[in-house]
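Keep in mind the model is a prediction, meaning the values are calculated, not measured.
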Amino acid sequence: MQSRTGLVVGTAGHIDHGKTSLVHALTGIDTDRLAEEKRRGISIDLGFAHMTLPGGERISFIDVPGHERFIKNMLAGAAGMDAVMLIVAADESLKPQTIEHFEICRLLGISTGIVALTKIDLVSSDRIATTVNDVRELISASPFESAPIVKASAKTGEGLDELKKQLAKLTGGRNALADRSFARLPIDRSFALKGFGTVVTGTLGSGKLRTGDLVQIHGTGEEARIRGLQVHGSNVEEALAGERTAVNLAGIDYADVRRGFTLTSKSEFEPVTMFDAFAEWLNPENAPLTRKPVFVHVGTAEIPAEIKLVVPGETFVRVWLSEPVLALPGDRFIIRRPSPAQTLGGGAVIDIFPKKRMNRTRILARLNALSGPNTLEYLVEEGKSGVSLSDLVRRTGLEPSKIKSALAAYNNLTFIETSQRVFSKKLLEQKRRELVQWLAHFHAANPAASGAPLSKARRIFDSTLADAIIANDATFVTRGDLIALAAHRVRISQSEMSALAMLEDTFRQAGFAPPPVNEALRHVGADVKKARDLLEALIKSGRLVRLAPDLVYHADVVAHIRQSLAAHKGRKFSVPEFKDWTQISRKYAIPLLEYLDRVHVTRREGDSRIVL
């Protein structure tokens with residue numbers, strides 16, 4: 001079986017240097033598909049072709065226009081390239097768009113490629129040697145410095161076999177476009193195909209797409225379902241990262257989708273209108289100290305924007321976009337001046353949710369931290385109450401399993417599986433000390449209470465944070481809805497002991513018809529708060545049983561009724577019968593029966609009960 005491993009190679013170079021002719025000579029496919037392109041004899045928009053090399057390696061070509069007026073189309077194609085085939089005509093050598101295309105590829109982080117020296121059949125060997133020297137000078141001190149220069153002629157076929165050999169070598173050292181597992185396809189074409197409906201195409205930058213998948217179109221916010229997939233013109237059930245992919249979509253009109261939108265498998269991502277980034281300028285004088293209008297090219301999108309340095313003399317910039325675009329940390333972009341049109345530089349996205357109210361010094365420190373190796377640590381420690389896993393996914397673009405794996409390397413971070421939240425151990429320890437102090441104060445003020453309300457602790461310390469602090473920490477004990485320090489011991493004064501005995505006796509003597517709680521508390525004579533604490537202490541100790549907020553029975557009374565019913569296992573009885581046995585009104589009978597149902601002494605069947 002043929003390997004699915006392939007390479008997306010983009011052409012680059014000046015107009016009329018033979019890009020389209022060379023791709024046609026290699027693949028047999030004419031990438032000029034527009035009538036105007038054929039009439040004028042130049043490429044205007046992106047063209048696509050593919051081939052399989054003798055060794056089984058698959059190459060997808062993106063043929064870009066060379067005219068300066070169509071640089072934006074070239075940039076849309078460059079977003080999907082693994083490698084570049086820089087094409088230089090031997091008879092003309094380096095021209096303005098040769099240099100601009102080369103710089104764009106370099107700024108986009110494309111680090112592998114081939115130089116194809118075309119039209120060698122038209123010039124002398126001396127002229128060829130001069131052009132080779134010019135090219136070597138251009139690519140020196142760049143990632144392309146050691147790129148092979150292949151002399152070729154689309155007309156005679158000379159050099160085409162060598163070009164194929166060099167392309168095969170590039171597939172062996174393929175550099176993945178992104179280390180992400182979410183499917184992400186920047187769209188470069190959208191059209192309707194009769195009998196199929198909407199089709200979008202692009203280079204799948206990461207992840208996988210499968211027939212039947214539900215996907216999100218960022219740009220419209222709509223969802224669609226994949227009806228079919230094609231790679232290299234063949235139907236497939238699955239498209240893999242790095243492949244030129246055509247996606248047949250159901251549930252969306254092709255007119256609603258355009259170049260610049262992005263198809264993803266992840267709906268949690270959100271397009272942004274502002275981001276902070278690292279920037280490199282072709283001419284440092286172009287770095288703007290104040291907001292400057294530019295065009296920003298990210299993915300396949302061209303967006304009017306404004307840009308300025310975060311701090312003068314530094315490399316970080318803030319970008320304000322005129323419309324939302326899906327950008328994730330690490331994404332490369334190009335900055336161009338609108339008029340006169342010129343490529344100014346490029347960069348890489350660092351922060352897609354930048355802080356809006358922060359001074360320059362703090363922004364600079366933040367960007368240095370986020371562009372370093374410990375991004376996750378910084379984002380977690382920045383959170384006041386930890387950070388959810390889903391928020392880390394949204395901020396970094398990494399899938400959950402990769403984040404969890406990375407978190408395991410940090411000794412100072414803790415991931416709580418139950419809450420799917422990450423905390424810094426420093427924050428947990430600080431909040432732990434605060435909880436200990438809060439409980440110590442509570443115990444000092446309420447020595448007779450078994451503990452403080454757990455709900456109040458969770459409200460004060462954030463429920464997720466409180467749960468993370470308490471979990472597996474022997475310093476704390478929880479009893480039902482109360483929390484206490486493990487070292488806490490209930491301390492009751494002589495007067496409180498007397499009040500406790502009196503309160504318990506009140507409910508014991510009341511039998512099956514206990515008084516309302518407030519009435520019983522007033523009978524004790526203690527102040528209301530202390531009396532309520534005493535009541536809770538008796539309930540927690542099991543001496544009293546709460547059936548409803550205002551209905552409390554003595555435990556002996558409940559035990560008596562349970563023992564009495566146990567002697568009649570399997571018997572069916574009605575509410576009136578139960579009232580006769582206990583000599584109580586419906587006011588007490590119904591709550592008591594509902595309690596017995598809850599503790600599985602009885603089971604309700606219609607209007608009757610059965611003793612279990």
Can you tell me if [X] uses its side chain to pair, donor with acceptor, with the backbone of [Y] under 3.5 Å?
{"X": "Lys19", "Y": "His14", "result": "yes"}
{"X": "Glu243", "Y": "Leu240", "result": "yes"}
{"X": "Ser142", "Y": "Ile139", "result": "yes"}
{"X": "Ser190", "Y": "Tyr254", "result": "yes"}
{"X": "Ser405", "Y": "Ile403", "result": "no"}
{"X": "Arg227", "Y": "Phe196", "result": "yes"}
{"X": "Thr375", "Y": "Leu370", "result": "yes"}
{"X": "His218", "Y": "Leu326", "result": "no"}
{"X": "Arg225", "Y": "Ala250", "result": "no"}
{"X": "Arg184", "Y": "Gly205", "result": "no"}

Check salt bridge (Lys or Arg N to Asp or Glu O under 4.0 Å) between [X] and all other residues, then give those that pass, not counting sequence neighbours.
{"X": "Glu92", "answer": "none"}
{"X": "Lys308", "answer": "none"}
{"X": "Arg395", "answer": "Asp391"}
{"X": "Glu377", "answer": "none"}

Are side-chain N/O atoms of [X] and [Y] paired as donor and acceptor at under 3.5 Å?
{"X": "Thr264", "Y": "Thr262", "answer": "no"}
{"X": "Thr203", "Y": "Arg244", "answer": "yes"}
{"X": "Ser93", "Y": "Asp134", "answer": "yes"}
{"X": "Thr27", "Y": "His50", "answer": "no"}

Taking only residues two or more places apart in sequence, or in another chain, which ones meet [X] in a side chain to side chain contact (heavy atoms under 4.5 Å, CB included)?
{"X": "Glu417", "result": "Lys404, Phe415, Gln420"}
{"X": "Gln166", "result": "Ile114, Pro148, Val150, Glu162, Lys169"}
{"X": "Asn235", "result": "Gln230"}
{"X": "Glu222", "result": "Thr220, Ile252, Asp256"}

Does Phe275 have its ring centroid less than 6.0 Å away from the ring centroid of Phe333? yes
Within the structure provided, determine whether [X] and [Y] are in side-chain contact (heavy-atom separation under 4.5 Å).
{"X": "Leu282", "Y": "Arg106", "answer": "yes"}
{"X": "Phe278", "Y": "Ser371", "answer": "no"}
{"X": "Val200", "Y": "Phe191", "answer": "no"}
{"X": "Thr201", "Y": "Val247", "answer": "no"}
{"X": "Leu328", "Y": "Thr396", "answer": "no"}
{"X": "Arg259", "Y": "Ile187", "answer": "no"}
{"X": "Glu158", "Y": "Ile120", "answer": "yes"}
{"X": "Arg394", "Y": "Ile352", "answer": "no"}

Report, one line per pair, each donor and acceptor closer than 3.5 Å where one atom sits in a side chain of residues 341-349; sequence neighbours left out.
{"from": "Gln342", "atom 1": "OE1", "to": "Arg337", "atom 2": "NH1", "distance (Å)": "3.4"}
{"from": "Gln342", "atom 1": "OE1", "to": "Arg337", "atom 2": "NH2", "distance (Å)": "2.2"}
{"from": "Thr343", "atom 1": "OG1", "to": "Glu100", "atom 2": "OE2", "distance (Å)": "2.4"}
{"from": "Thr343", "atom 1": "OG1", "to": "Arg336", "atom 2": "NE", "distance (Å)": "2.9"}

Using side chain to side chain contact (heavy atoms under 4.5 Å, CB included) as the criterion, point out the one residue from Leu185, Asp188, Ile217 that pairs with Phe261. Ile217
When Ile62, Asp63, Thr20 are each screened for side chain to side chain contact (heavy atoms under 4.5 Å, CB included) with Thr11, the one that passes is Asp63
Output the distance between atom [atom1] ([X]) and atom [atom2] ([Y]), rounded to the nearest 0.5 Å.
{"X": "Ile303", "Y": "Ser322", "atom1": "CD1", "atom2": "OG", "result": "6.5 Å"}
{"X": "Asp82", "Y": "Thr171", "atom1": "CG", "atom2": "OG1", "result": "10.5 Å"}
{"X": "Glu238", "Y": "Asp213", "atom1": "CD", "atom2": "CG", "result": "9.0 Å"}
{"X": "Ser153", "Y": "Leu122", "atom1": "OG", "atom2": "CG", "result": "7.0 Å"}
{"X": "Leu138", "Y": "Glu145", "atom1": "CG", "atom2": "CD", "result": "11.5 Å"}
{"X": "Tyr378", "Y": "Asn368", "atom1": "OH", "atom2": "CG", "result": "10.0 Å"}

Closest contact, heavy atoms only, [X] versus [Y]:
{"X": "Thr300", "Y": "Pro186", "answer": "CG2-CB, 3.8 Å"}
{"X": "Pro338", "Y": "Pro293", "answer": "CD-O, 3.6 Å"}
{"X": "Arg318", "Y": "Pro354", "answer": "NH2-CB, 3.3 Å"}

Can you say whether the rings of Phe269 and Phe182 are parallel (under 30°), tilted (30 to 60°) or perpendicular (over 60°)? perpendicular
Between Glu306 and Val319, is the side-chain contact (heavy atoms from CB on, under 4.5 Å) condition met? List the steps. CA-CA 6 Å; Glu306 291 185 331; Val319 179; over 6 Å; no
Evaluate Phe295 against Ile334 for side-chain contact (heavy atoms from CB on, under 4.5 Å), listing each step before the verdict. CA-CA 8 Å; Phe295 280 113; Ile334 295 295; over 6 Å; no
Go through the steps to decide whether Met81 and Val9 satisfy the test side-chain contact (heavy atoms from CB on, under 4.5 Å), and finish with yes or no. CA-CA 6 Å; Met81 296 178 186; Val9 177; over 6 Å; no
Does a sphere of radius 6.0 Å around NZ in Lys208 hold more than 12 heavy atoms from other residues, nucleotides or ligands, not counting ones at 6.0 Å or beyond? no
Would the number of heavy atoms belonging to other residues, nucleotides or ligands and lying under 6.0 Å from CG of Asn283 be above 12? yes
Residue pairs meeting salt bridge (Lys or Arg N to Asp or Glu O under 4.0 Å), one or both in residues 190-200, sequence neighbours left out, come to none
Residues passing the side chain to side chain donor-acceptor pair (under 3.5 Å) test with Asn374, sequence neighbours excluded, are Tyr410
Side chain to side chain donor-acceptor pair (under 3.5 Å) against Arg366, all qualifying residues, sequence neighbours excluded: Asp351, Glu382
